[in-house]
Amino acid sequence: MRIQALPTQLINQIAAGEVVERPASVVKELVENSFDAGASQINIDIEQGGLRLIRIRDNGCGIVKDDLALALSRHATSKIANLHDLERVLSMGFRGEALPSICSIARLTLTARTADADCAWQISADGGDQFAEPRPCSHPVGASVEVRDLFYNTPARRKFLKSEKTEFGHIENLVYKLALSRFDIGFTLNHNQKEIINLKPALTPEAQLQRVAAVCNPEFPRHALALDFAASGLQLSGWLGQPAFARGQADQQFFYVNGRLVKDKLLTHAIKLGYQDVLYHDRHPVFALYLTLDPALVDVNAHPTKLEVRFRDSRSVHDFVFHAVQRCLAAFRPAAAAPPPADSVLLEQAPAAPPRQSELPLTDFTPPPRPAASGGGGYRPPASPAAYASISQYSELYRAAADSVAEQPAATPPLGFALAHIHNIYILSQTADGVILVDAHAAHERVTYERLKQQYQGQKLVSQPLLLPIKLPVSLEEAELAEQQADFFRELGFELERGGPQTLVLRAAPALLGKLDCDQLARDMLADLAAHGVSRRSEEQINQLLATMACHQAVRAKRKLSIDEMNALLRDMEQTERSGQCNHGRPTWVALSKQDLDRFFLRGR
């Protein structure tokens with residue numbers, strides 16, 4: 001067959017197949033154009049899930065009359081002029097494909113007015129590549145784009161769409177995500193003439209957090225940790241959900257690079273590592289994070305939908321995000337001013353402090369048995385003198401605990417003072433504004449684990465030669481990567497050298513790993529290096545061993561603790577990083593405020 005040039009309309013329809021998957025794709029492209037126009041208010045009207053009508057109106061800079069037809073032409077844009085601009089993209093849209101692609105599969109009307117124009121001008125397109133002359137009309141400064149009958153001339157594409165409810169659900173979720181990228185813009189979303197979303201501009205940190213809560217969960221502000229970290233020209237800000245606020249699926253994770261919503265495996269991996277040691281297995285954290293960096297260091301042109309990006313130095317970005325998340329989670333301590341609610345652990349930022357070096361002096365204190373409760377509403381005397389003795393012993397115990405609290409300094413510490421060891425498992429402590437319950441084993445396990453990590457990190461990794469070197473058949477790329485990363489492996493205690501074009505020889509491994517399958521670990525580390533430019537598998541394995549050691553050293557459930565022992569553990573928790581979760585990600589303590597207690601017992605009603 002002879003080679004022939006494709007018609008313009010077919011070219012646009014092919015492009016539409018890349019950027020317009022469903023009605024939500026149209027909304028994304030048009031709203032991002034409004035961002036670039038400098039809008040402070042964007043109104044979105046949807047009918048029949050976007051199939052009948054999508055209307056986007058903004059109060060941005062508008063488009064001059066002579067540029068209206070050009071705006072609907074392929075590869076026409078005001079956002080880049082040369083290769084230098086393309087390498088430093090800061091605008092949301094820049095390809096010049098969105099409007100002509102949408103024109104090719106729908107009926108489109110573009111209306112715009114600039115600040116210096118006497119009136120607005122309107123142009124329409126109906127699936128072809130020829131446009132009528134612009135005509136004057138009434139419209140405030142800004143622009144409106146109406147898209148009607150989406151996919152009317154491509155019925156095969158229309159058949160793949162879901163129900164009206166499902167398609168609108170995608171639009172609603174998208175608008176919320178876009179609203180998190182620009183707090184300075186107000187958004188409204190109407191569906192079939194019914195208002196669904198109305199977000200005012202959020203110009204303060206409190207208002208911004210409330211907007212995040214509107215997207216994630218109304219309870220998110222109570223469980224959010226503010227993050228703001230900068231180094232080497234990179235800045236990461238936003239909010240991390242506390243580990244106890246994690247979800248069963250990764251549906252509330254929002255990451256923005258220079259204001260652009262992205263889905264990036266590298267960044268997801270870095271955040272996952274940052275939550276290591278504090279997240280319960282199979283749970284996913286909630287977060288809204290914003291990474292800012294020199295636009296020349298990130299390629300936003302990696303995919304037509306611009307949801308994927310590429311970093312010039314992916315390893316540095318990965319390590320930066322990992323350390324920022326890890327430090328944020330580790331640097332928070334129990335708050336003294338406001339006890340955390342019972343369904344979470346509310347934490348307050350405090351400077352990092354070394355763990356206490358004192359060990360828990362476990363004793364054999366045995367509290368007296370609790371007397372049986374009497375029935376009825378009135379007082380009944382005990383049945384025997386022995387019961388009087390039991391009550392007396394119990395009263396003395398609590399009198400001693402109360403005296404212990406009374407003797408303490410006026411300023412109550414964040415986790416308060418211990419009162420009792422309930423069921424020989426949970427520590428009951430009185431705080432300045434309520435009570436807390438602590439799982440003694442889980443808390444001591446975390447304190448011990450963090451202490452072991454600190455001691456281990458202060459030492460140099462000891463490498464132990466293998467009795468018999470292990471030959472590892474690998475690909476040519478993996479062999480070359482191992483050579484390039486020889487220093488990295490050596491720092492972690494591995495002696496890994498090339499034994500042939502596609503062979504590696506493992507001669508030594510970290511002594512602490514003992515009889516673990518070190519050859520498979522080395523392979524996994526190579527795979528991580530190839531995929532992410534970094535690997536922390538060796539560190540993970542070592543931490544797992546330290547966690548096991550901590551678990552065996554921690555005070556066991558049913559082990560009876562004295563008041564002094566319990567208070568010592570509470571003070572250690574206040575000085576220990578990540579003390580809100582045990583090594584397995586379970587919460588170590590919960591709290592009830594005075595208001596919670598009053599509500600339970602209907603006081604004040």
Side-chain angles (χ1 to χ4, degrees), residues 8-9 12 26-47 50 52-82 85 89-150 175 178-179 182 184-190 193 195 197-201 203 259:
T8 301
Q9 182 180 1
N12 289 339
V26 175
V27 174
K28 177 180 182 295
E29 296 292 341
L30 298 181
V31 170
E32 288 181 344
N33 278 345
S34 296
F35 288 174
D36 291 338
S40 62
Q41 180 66 42
I42 300 175
N43 302 320
I44 306 166
D45 295 299
I46 306 295
E47 293 183 10
R52 180 179 179 182
L53 171 68
I54 298 172
R55 182 191 297 116
I56 312 292
R57 172 175 288 196
D58 66 57
N59 62 350
C61 64
I63 304 174
V64 300
K65 171 188 174 184
D66 294 340
D67 288 351
L68 287 175
L70 198 57
L72 304 183
S73 303
R74 188 168 169 79
H75 299 319
T77 179
S78 62
K79 298 161 189 177
I80 57 173
N82 50 48
D85 293 341
V89 173
L90 280 173
S91 59
M92 302 302 295
F94 53 88
R95 291 169 174 263
E97 293 179 345
L99 287 176
S101 296
I102 297 169
C103 285
S104 68
I105 54 173
R107 297 183 172 93
L108 184 145
T109 300
L110 171 60
T111 307
R113 179 181 178 181
T114 58
D116 57 353
D118 295 331
C119 66
W121 294 88
Q122 187 176 88
I123 191 172
S124 299
D126 193 6
D129 55 354
Q130 300 297 322
F131 317 118
E133 283 294 316
R135 57 185 181 274
C137 65
S138 176
H139 191 282
V141 173
S144 293
V145 182
E146 284 191 5
V147 179
R148 294 184 178 274
D149 303 326
L150 188 64
V175 172
L178 292 172
R182 294 294 300 270
D184 58 322
I185 298 177
F187 294 83
T188 64
L189 172 64
N190 301 313
Q193 289 80 50
E195 185 179 275
I197 295 176
N198 189 342
L199 297 174
K200 305 298 182 183
L203 304 180

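A quick note: this is a predicted structure, and the numbers were derived from the prediction, not measured.
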Inset, instruction - Could you walk me through whether Lys200 and Asn198 pass side chain to side chain contact (heavy atoms under 4.5 Å, CB included), step by step? - result: CA-CA 7 Å; Lys200 305 298 182 183; Asn198 189 342; 3.9 Å; yes

Legend entry - Greater than 12 external heavy atoms within 6.0 Å of Glu133's CD: no

So, for [X] and [Y], which heavy atoms are closest and what is the spacing to 0.1 Å?
X: Asp36; Y: Met92; answer: OD1-N, 2.8 Å
X: Arg113; Y: Asp118; answer: NH2-O, 3.5 Å
X: Ala106; Y: Val147; answer: CB-CG1, 3.6 Å
X: Ser34; Y: Ile42; answer: CB-CD1, 3.6 Å
X: Arg135; Y: Ser124; answer: NH2-OG, 3.4 Å
X: Leu199; Y: Ala179; answer: CD1-CB, 3.7 Å

Is any side-chain heavy atom of [Y] closer than 4.5 Å to one of [X]?
X: Ile46; Y: Val27; result: yes
X: Ile54; Y: Ile102; result: no
X: Leu110; Y: Leu68; result: yes

How many angstroms lie between atom [atom1] of [X] and atom [atom2] of [Y], to the nearest 0.5 angstrom?
X: Phe35; Y: Ile185; atom1: CZ; atom2: CD1; answer: 5.0 Å
X: Asn190; Y: Asn43; atom1: CG; atom2: CG; answer: 7.5 Å
X: Leu72; Y: Asp67; atom1: CG; atom2: CG; answer: 11.0 Å
X: Asn33; Y: Leu99; atom1: CG; atom2: CG; answer: 5.5 Å
X: Ile123; Y: Cys137; atom1: CD1; atom2: SG; answer: 11.5 Å
X: Leu178; Y: Ile44; atom1: CG; atom2: CD1; answer: 7.5 Å

Inset, instruction - Please test Arg148 against Arg55 for side chain to side chain contact (heavy atoms under 4.5 Å, CB included), starting from the C-alpha separation and ending with a verdict. - result: CA-CA 9 Å; Arg148 294 184 178 274; Arg55 182 191 297 116; 4.0 Å; yes

Inset, instruction - Give the C-alpha distance, both sets of side-chain angles, the deciding distance and a yes or no for side chain to side chain contact (heavy atoms under 4.5 Å, CB included) between Gln193 and Glu47. - result: CA-CA 8 Å; Gln193 289 80 50; Glu47 293 183 10; 3.0 Å; yes

Inset, instruction - Ignoring hydrogens and angles, tell me if any N or O in the side chain of Asn59 forms a donor-acceptor pair with the backbone of Gln41 under 3.5 Å. - result: yes

